[in-house]
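Atom set for the values below is all heavy atoms of this structure, side chains included, hydrogens, waters and symmetry mates excluded.
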Amino acid sequence: QVQLVESGGGLVQAGGSLRVSCAASGRTFSRCAMGWFRQVPGKEREFVAAISWSGAGTYYADSVKGRFTISRDNAKNTVYLQMNSLKPEDTAVYYCAARVGSYYYIAGNEYDYWGQGTQVTVSS
């Protein structure tokens, strides 16, 4: 069982930066692939970024490539999403997700555990 708690969301101006974190409980974190997703009310959940259990493999949605960076610290059971050059269209609730697996995964239904989400609002 893995429990996930996101933090670090907030309000930022367009062009600014924000880092959201996801703290995981449980001894299986180091064997988990992690992902970040986001959702705007009335729209489907959208994949943002994913990272393999070792951190060696990462994958990004085209909409955030070059602006966002996913990373993890297995010693701290934490995964991060560094968001730079933020745009108003990045406004959403950001969720982290986990599943046991060595690769990275981009489909939401491939993940078994989800956090409660953290709101990120980018003002224009």
So, does Thr121 use its side chain to make a donor-acceptor pair with the main chain of Leu11 at under 3.5 Å?
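Such a contact is absent between Thr121 side chain and Leu11 backbone.
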
Ignoring hydrogens and angles, tell me if any N or O in the side chain of Asn74 forms a donor-acceptor pair with the backbone of Trp53 under 3.5 Å.
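Between the backbone of Trp53 and the side chain of Asn74 there is a qualifying donor-acceptor contact (under 3.5 Å).
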
If I compare all heavy atoms of [X] with all of [Y], which pair ends up nearest, and what's the gap?
{"X": "Ala92", "Y": "Val40", "result": "CB-CG2, 3.8 Å"}
{"X": "Ala50", "Y": "Tyr104", "result": "CB-CB, 3.9 Å"}
{"X": "Ser52", "Y": "Ala56", "result": "OG-N, 3.4 Å"}

Side chain to side chain donor-acceptor pair (under 3.5 Å) partners for Ser17, two or more places apart
Asn84

Do Gln13 and Ser124 come close enough that some side-chain heavy atom pair is under 4.5 Å?
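No, every pair of side-chain atoms sits at 4.5 Å or beyond.
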
State, yes or no, whether a side-chain contact exists between Thr78 and Arg72 at a heavy-atom distance under 4.5 Å.
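They are not in side-chain contact.
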
With sequence neighbours left out, write down each residue that passes disulfide (SG to SG under 2.5 Å) with Cys22, or none if nothing qualifies.
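By the disulfide (SG to SG under 2.5 Å) rule, Cys22 matches Cys96.
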
Tyr111 ring center within less than 6.0 Å of Phe37 ring center:
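Ring centroids of Phe37 and Tyr111 are less than 6.0 Å from each other.
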
From [X] atom [atom1] to [Y] atom [atom2], the distance as rounded to the nearest 0.5 Å:
{"X": "Ser21", "Y": "Tyr80", "atom1": "OG", "atom2": "OH", "answer": "5.5 Å"}
{"X": "Gln82", "Y": "Arg67", "atom1": "CD", "atom2": "CZ", "answer": "12.0 Å"}
{"X": "Gln3", "Y": "Asn77", "atom1": "CD", "atom2": "CG", "answer": "12.0 Å"}
{"X": "Tyr59", "Y": "Tyr103", "atom1": "OH", "atom2": "OH", "answer": "9.0 Å"}
{"X": "Glu44", "Y": "Arg38", "atom1": "CD", "atom2": "CZ", "answer": "14.0 Å"}

Once salt bridge (Lys or Arg N to Asp or Glu O under 4.0 Å) is applied, what residue pairs with a partner in residues 96-116 remain, sequence neighbours excluded?
none

Test: salt bridge (Lys or Arg N to Asp or Glu O under 4.0 Å). Region: residues 52-66. Which pairs qualify, not counting sequence neighbours?
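Sorted pair list: Asp62-Lys65.
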
With sequence neighbours excluded, give me every disulfide (SG to SG under 2.5 Å) pair touching residues 32-80.
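The answer is none; no pair qualifies.
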
Kindly give the cluster partners of Val48, where membership spreads through any ILVMFWY side chain lying under 4.5 Å from a current member.
Val2, Leu4, Val12, Leu18, Val20, Phe29, Met34, Trp36, Ile51, Tyr60, Val64, Phe68, Ile70, Val79, Leu81, Met83, Leu86, Tyr94, Tyr113, Val120, Val122

Taking atom CD as the centre, does Gln116 end up with more than 12 heavy-atom neighbours from other residues, nucleotides or ligands that are less than 6.0 angstrom away?
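Yes - once you tally the heavy atoms of other residues, nucleotides and ligands closer than 6.0 Å, there are more than 12.
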
